Asks: 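Below is one structure. I have some questions about it.
Reckoned from all heavy atoms, side chains included, excluding hydrogens, waters and symmetry mates. Order of the sequence lines fixes the chain letters, A, B, ..., with proteins taken first and strands second; residue numbering starts at 1 for each chain. Keep in mind it's a predicted model, so treat the numbers as computed, not measured.
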Amino acid sequence: MRAAQAGVERRKLFDKLFVLLGLVVLVAAFAVLFALFLDLLRQGAPRLDWDFLTSYASRKPEQAGILAAWVGTSLIMVVTACVAMPVGVAAAIYLEEYAPKNWVTAIIEINVTNLAGVPSIIYGLLALGLFVYKLGLGQSILAAGLTLALLILPIVIVATREAVRAVPRPIREAAYALGATRWEVTAHHVLPYSMGGVLTGMIIGLSRAIGETAPIITIGALSFIAFLPTPPLTGEFPFLSFAWLKDAFTAMPIQMFNWVSRPDPGFRVNAAAAGAILLGMTLLMNGIAIWLRYRFRKKINW
Amino acid sequence: MVTPKSPAPFAKSIRRRRARDRVIESLLLLAGLVAVFTTLAIVWILVAEALPFFSHVPLADFLTDTMWTPLFAEPRYGILPLVAGTLVTTFVALALAIPAGTIIAIYLSEFASHRVRESVKPALEMLGAVPTVVYGYFALVMVTPFLQKLLPGLPGFNMLSAGLVIGIMIVPYVASVSEDAMRAVPNYMREGSYAMGATRLQTATRVVVPGALSGIAAAYILGISRAVGETMVVAVAAGLQPNLTWNPTESAATITSFIVQVSLGDLPHESIGYQSIFAAGLVLLVITLAFNIVGFALTRRFREAY
Amino acid sequence: RDAAAQQTIKLDGSSTVFPISEAVAEEFQIARRGKVRVTVGISGTGGGFKKFCRGEIDISDASRPISKSEMDACAKAGIQYIELPVAYDALTVAVNPKNTWVDTMTVAELKKMWEPAAQGKVKTWKDVNAKWPAQPLKLFGPGADSGTFDYFTEATVGKSKSSRGDFTASEDDNVLVQGVESDVNALAYFGYAYYAPNALKMKAVKIVNSKGQAVGPSPKGVLDGSYEPLSRPIFIYVSKASAQRAEVKEFVEFYLSKGAPLVEEVKYVPLAKKAYDLALANFRAGKAGTAFGGKNEVGLTVEELLAREGKF
Amino acid sequence: MQMQISMPVEAQSLSDAPRGAIAETAPAKACASKLGFWYGNMQALKGLDMEIRDKRVTALIGPSGCGKSTFLRCFNRMHDLTPGTRYEGSIHLYPDDIDLVSRDVDPIEVRMRIGMVFQKPNPFPKSIFENVAYGLRVRGMRARALIEEEVEKALRDAALWDEVKDRLQSSGLSLSGGQQQRLCIARALATNPELLLFDEPTSALDPIATARIEELITALRERVTVLIVTHNMQQAARVSDYTAFMYLGELVEFDATSKLFTNPGRKATEDYITGRYG
Amino acid sequence: MQMQISMPVEAQSLSDAPRGAIAETAPAKACASKLGFWYGNMQALKGLDMEIRDKRVTALIGPSGCGKSTFLRCFNRMHDLTPGTRYEGSIHLYPDDIDLVSRDVDPIEVRMRIGMVFQKPNPFPKSIFENVAYGLRVRGMRARALIEEEVEKALRDAALWDEVKDRLQSSGLSLSGGQQQRLCIARALATNPELLLFDEPTSALDPIATARIEELITALRERVTVLIVTHNMQQAARVSDYTAFMYLGELVEFDATSKLFTNPGRKATEDYITGRYG
Ligand SMILES: Nc1ncnc2c1ncn2[C@@H]1O[C@H](COP(=O)(O)OP(=O)(O)OP(=O)(O)O)[C@@H](O)[C@H]1O
Ligand SMILES: Nc1ncnc2c1ncn2[C@@H]1O[C@H](COP(=O)(O)OP(=O)(O)OP(=O)(O)O)[C@@H](O)[C@H]1O
Ligand SMILES: [Mg+2]
Ligand SMILES: [Mg+2]
């Protein structure tokens, strides 16, 4: 008993040491995030005002703003979400609910895993060759949105599959037993109940996409553009216009990258301010994701 | 007495519903095939653009030459320096991200309370969402000067600081996916271990981690892919000097940084120099694919059935 | 929508020319009260010419003359172009301010430092010039993909793209500035625009010109031709078809007539008044083609260039 | 060293055997013949022959893993959802004599005629009303008034109406376990099934809830044929007219409940009902 | 309408009651007093008092959800792993009289003295050898020879040695369900526990495997005190010396098994053992 006692003490000490180690690593990780954010805020502070958000780019750092950039980024995100969401969710549903165990399914699975690991710059090369030149979309919002949609597709698929898998089997069986078809089970039950997870995955994907620089650079986004894309709402019937899809754009990471490499040091303040705002946008999106997850978890508790 | 219903009244609606089901199934399958098309498109674009390059540069030179100066007057087309740069930065990144990510994963999965886990995980994901340009300057302006104090003589551009920052960036991927895998280890496994008198750490390292090994391997593979493919950080902080070295304190170029550099540069697009980025891209794709396949094989090998 | 508001002029190409085009575009849009839209992209001179020769843009920003393959591509697509120099870029050789041993350098010394044969051999300052200390030589320069690199190698080594490979390159010249600022033994070259705002943090090296004078980089030295061989013209190429459009014509004329102060403002060196007038005349006359014939040349004056007969 | 534990079971004794008598005369509702079933290479059912009588309660008993659930789930083709499974033989449903497990018969059609209640109550995370209305909606019923009427009827039949009529819009998950199970029964009843399958419907419930469900099943005999799996022999004795004892995927004995429990024909049955294993 | 089902149970009859006699004289191994337990705000155990006699088998029976598992898991502080749980009262372990549920007593120390076997066999995904060696390694034992010796002993005690001695290096998961459960018992025995907890150890097993485990438990009485939860009353009657009947988190009746099954003192106990619910 005595010897065991000593052993217990030592093992418990290791436990405590590990907790300490875990906390230290976690705190270090957050310290980096915090330092980054604070540093950007501190450097960018002089330009963090309303004017900055409502001005176009300019050769004069103190007059330059990010209006075109944040509008561009937002529109790209809309396209990305509108493409990645249905395609990703549909693919995930297929793999989870429909796919028979055969080689087609296996190939899709392997491809999804692989795409998750394909470097973003390669998506840029793909987009340049396929969307910009072969499909003739040019350097448009549509091309950028599609590129980023492909980039986050694996993220959306994986998150959706996980959420869908969390719907208990008995719920599915109950619906089938009532005579529902596969699609009815999916549309009436599986999807609604897993929406929280699906949206969370979507937002995490978008927050990855929003900061991506390399693929958009390779498509060749514009850096100076002093007007906004065509408004999506028009005064005349049918009130919706999709002309903006083909419009030229610039985006936050591009604007930031451009400013960072400008000779005038004044632009570095702008870059920091833009970085802080970009980071703020991702923080906000992640915040929404956490909130959504929480809401849905509370509502549906198996 | 209720008379048994014949199925007739339903027959038509059933047929319609089943037809709808089949249409939807093919639509869903189509969505699934998008992933396959994307892969094919990537391979096709890269190969098509790299072909002229390889008609000019023998494959053997490409794979064995130790110099990469495709844009110079006397061009040499050996991919090895770029591969070395890519692997060294990746290795440095993993040397940070794998221990840190695994420790965080074990901590969150086995030690932290539910509340802590649920709030820390998404917050951690924020580290992965920082724009990579920001990370590039973080490496150059903050990490490198700091490292120079520890290692006098460290050049201003080096793979060490770029790699470390990439490591920070991929910690959340490694941590989050590993943690999911550890969570998936059934609770009765843990209970079995605790009931034997094991501590949390013993249970974590001897039962949970081995049980989740395939998922953890997948997390590592994802981390490797991210590190191999990271562009902006190395482009900014590692120096764009193709340099066949395995020493992380030297500066070097990676495949990705070469691609982004040239795609922004002034080269004519029909030149061999420009086409070399597609050849480089192809190599990058092959490297990530190789890691994925190795990972897949390992995952298979270690998969535990409970 | 108002049809007039749809008029868009598209520029794309070199990041070196970008600040000038951006400034002109900004002012032009103000002058035209937003009736004409101008977009300026950065996809490198090569990327710019690719789009230009596909007819996707109106004006290509170029930090080097059009190349043979690009001329062919344009010819095949039937795109005719007018080559217009718009400013000078003075390549600046800079060292750390704490560097006490270097003030001036000869082209021969630059060559000795940068030529391919120097790789692995010329490792210290002393290896270049026996009077300099035996401290390690740390070289920084733009990436081999850039027009700056092409021009510098041609001007110093004598052959375009002929350079040693073991220097730290960066797409972003600020990174080079950072390198020089932080290392006593560093030497870098980059565009004048990156030197001007950082003049206090580093030292520009005077270059001995062909007349034997040591001249530092300055607008004056460029304009009077004494800062050579490291000053080079940069260009825009205007599509002849686009030039038919009133707003493009107006924009290019604005560029050539009102551009000089803007060029100065973004720290490039404007051409002489006479040269702008000549360029404007060439443009109005629709004088198409390039004066270079598909390869770069060093030491030409802008006036000489503009006087040449264009080739396709 | 045998200890005799005497267990009183509420069920009809042999003497006043009216059920047995009716049983003989009731027509068959379904008839399994040579029914085999495979999970991949594992044969879970081995050539079962069994008749289910119309408007009667038939109980399936047997030790864990003997194939009770597997057999039950053949009736509504639930196994079609598990890849790699295979049926053999047939289950004929009367009066129209279709073969439930035939490849040519659409499983959806089968499930629209045969209801099922599961071991663990599994209401949808929707309102109580929508839970019951779901089967009707799937069948294309649109008229609100009609649906409301059917929902009320089903909830009354499931003896749940009084408890939930004031909160039809609250979530099905807000009910207690026993109420949830009755909700699931109501959900199945709303679609007017000809045959109702129960897989250990009370094993997750407390004694009072169990008693209510048992009452309900007894009452259902009036309208619908019931097939119930249970691990509780007393329950089988209480609620069923016929009992089948299964062992290792085979039907060991099938008889009127009163007969099977008092005078089992086979040694294995006797061993099982006397608690020698299970 | 009561049908009498007579159930022979293999256990010592009252008449030759040697166990009962010994029981009175056996010292207490553990003693729960005023034991309460909360899952958050839900009180699952309500002031239980109960003595566990040394080297005897004590069975816990009662309907599903009555708190049997909860009670059992108090003995090795398994609940400490679930956040938001709370103990009240005490469980004293003799001879050294420590309070198992006291905050001052380290749960790891408790678990090192008290083994547990779970409902579903849960061998680690390691080799058979490593499964049994696990507890020894956790305790810091390094010597290979010593470990091998202990592993063999434990496997023999669990009546598994002959079946696995030639494949000690193959995975514990490659065994059949019954073998896995015996492996789990061997795993627990290897650490020489003073008290062994079983939570429905045979409910996932077939009759033959069940019989072997029951034999094993009977044999274990020689060396270790056993506390076993079962839902099978025949099993309780077969293997245990004492039986406790729990209901809604309370101890309704506790007595020598022979007494409790033949002559229950409370109406609820009788209702339960006669199968009126459960
Ligand atoms: N999805 C499945 N895949 C493979 N085998 C299965 C599957 N489901 C059940 N089995 C096996 O089929 C046999 C019969 O299982 P079934 O669930 O029908 O038993 P049961 O009589 O309902 O048992 P219980 O009383 O435990 O519910 C068992 O051996 C079981 O292990
Ligand atoms: N982790 C938990 N959190 C909250 N309540 C729980 C938890 N585990 C069990 N309970 C509740 O505590 C009560 C007692 O559960 P326990 O598992 O002890 O019952 P049991 O007698 O073992 O039942 P069974 O025979 O079904 O195993 C039940 O009402 C159950 O719902
Ligand atoms: Mg079953
Ligand atoms: Mg239990």
Asks: Are more than 12 heavy atoms from other residues, nucleotides or ligands located less than 6.0 Å from atom CG of E:D97?
Replies: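 Yes, the 6.0 Å shell around CG holds more than 12 heavy atoms from other groups.
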Asks: How close do E:M112 and B:G197 get, counting heavy atoms only, and between which atoms?
Replies: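 For E:M112 versus B:G197, the nearest heavy atoms are CG-CA, 3.9 Å.
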Asks: Check E:Y134 against B:A198 and note the closest heavy-atom contact, atom names and distance.
Replies: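 Smallest heavy-atom distance, with atoms named: OH-CB, 3.8 Å.
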Asks: Give me the atom names and distance for the closest heavy-atom approach of E:L81 to B:R200.
Replies: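 Heavy-atom minimum between the residues: CD2-NH2, 4.0 Å.
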Asks: So which part of E:R187 gets closer than 4.5 Å to some heavy atom of chain B, the side chain, the backbone, both or neither?
Replies: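 Backbone plus side chain of E:R187, per the 4.5 Å heavy-atom cut-off to chain B.
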Asks: Just checking E:Y94: does its OH atom have more than 12 heavy atoms from other residues, nucleotides or ligands closer to it than 6.0 angstrom?
Replies: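 Result for OH/E:Y94: enclosed.
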Asks: As an exercise, state the distance from CZ of B:R190 to CE of E:M78, rounded to the nearest 0.5 Å.
Replies: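 Going from CZ on B:R190 over to CE on E:M78, the span is 11.5 Å.
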Asks: What part of B:S113 lies closer than 4.5 angstrom to a heavy atom of chain E: side chain, backbone, both or neither?
Replies: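 No part of B:S113 comes within 4.5 Å of chain E.
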Asks: What part of E:R137 lies closer than 4.5 angstrom to a heavy atom of chain B: side chain, backbone, both or neither?
Replies: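 Contact with chain B involves both backbone and side-chain atoms of E:R137.
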Asks: Which atoms of E:P123 are under 4.5 Å from chain B, going by heavy atoms: the side chain, the backbone, both sets, or neither?
Replies: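 Backbone only.
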Asks: Side chain from CB out, backbone as N, CA, C, O: work out which of these in E:F118 comes under 4.5 Å of a heavy atom of chain B, or both, or neither.
Replies: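 The side chain, not the backbone.
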Asks: Is any side-chain heavy atom of B:Y194 closer than 4.5 Å to a side-chain heavy atom of E:N76?
Replies: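 No, too far: nothing below the 4.5 Å cut-off.
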Asks: Answer yes or no: are there more than 12 heavy-atom neighbours, outside E:Y39 itself, under 6.0 Å from its atom OH?
Replies: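 Counting neighbours around OH of E:Y39, more than 12 heavy atoms of other residues, nucleotides or ligands fall under 6.0 Å, so yes.
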Asks: Do B:E191 and E:R73 make a side-chain contact, defined as non-hydrogen atoms from C-beta onward lying under 4.5 Å apart?
Replies: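 They are in contact (side-chain heavy atoms under 4.5 Å apart), so the answer is yes.
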Asks: Does any heavy atom of chain B fall under 4.5 Å from the side chain of E:L197, the backbone, both, or neither of them?
Replies: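 Neither; nothing under 4.5 Å.
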Asks: Over all heavy atoms of both residues, which pair between B:M189 and E:P125 is shortest? Give the atoms and the distance, please.
Replies: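 Closest approach of B:M189 to E:P125: SD-CD, 3.8 Å.
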Asks: Have a look at B:M196 and tell me which of E:V138, E:L136, E:T191 forms a side-chain contact (heavy atoms from CB on, under 4.5 Å) with it.
Replies: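 Among the candidates, only E:T191 passes.
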Asks: Can you name the closest pair of heavy atoms from B:P210 and E:K126 and give their distance?
Replies: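 Taking B:P210 first and E:K126 second, the nearest heavy atoms are CG-NZ, 4.4 Å.
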Asks: For the atom pair CG (B:N187) and OG1 (E:T82), what is the distance rounded to the nearest 0.5 Å?
Replies: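 Separation between the atoms: 8.0 Å.
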Asks: What are the two closest heavy atoms between B:A195 and E:M116, and how far apart are they?
Replies: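 Closest pair (atom of B:A195, atom of E:M116, distance): CB-CB, 4.0 Å.
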Asks: Test your reading of the model: is there a side-chain donor-acceptor pair from E:N122 to the backbone of B:Y188, 3.5 Å cut-off?
Replies: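 Flag set: sc E:N122 to bb B:Y188 pair under 3.5 Å.
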Asks: Relative to chain E, which segment of B:R206 carries a heavy atom at a distance below 4.5 Å: side chain, backbone, both, or neither?
Replies: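 Both parts, backbone and side chain.
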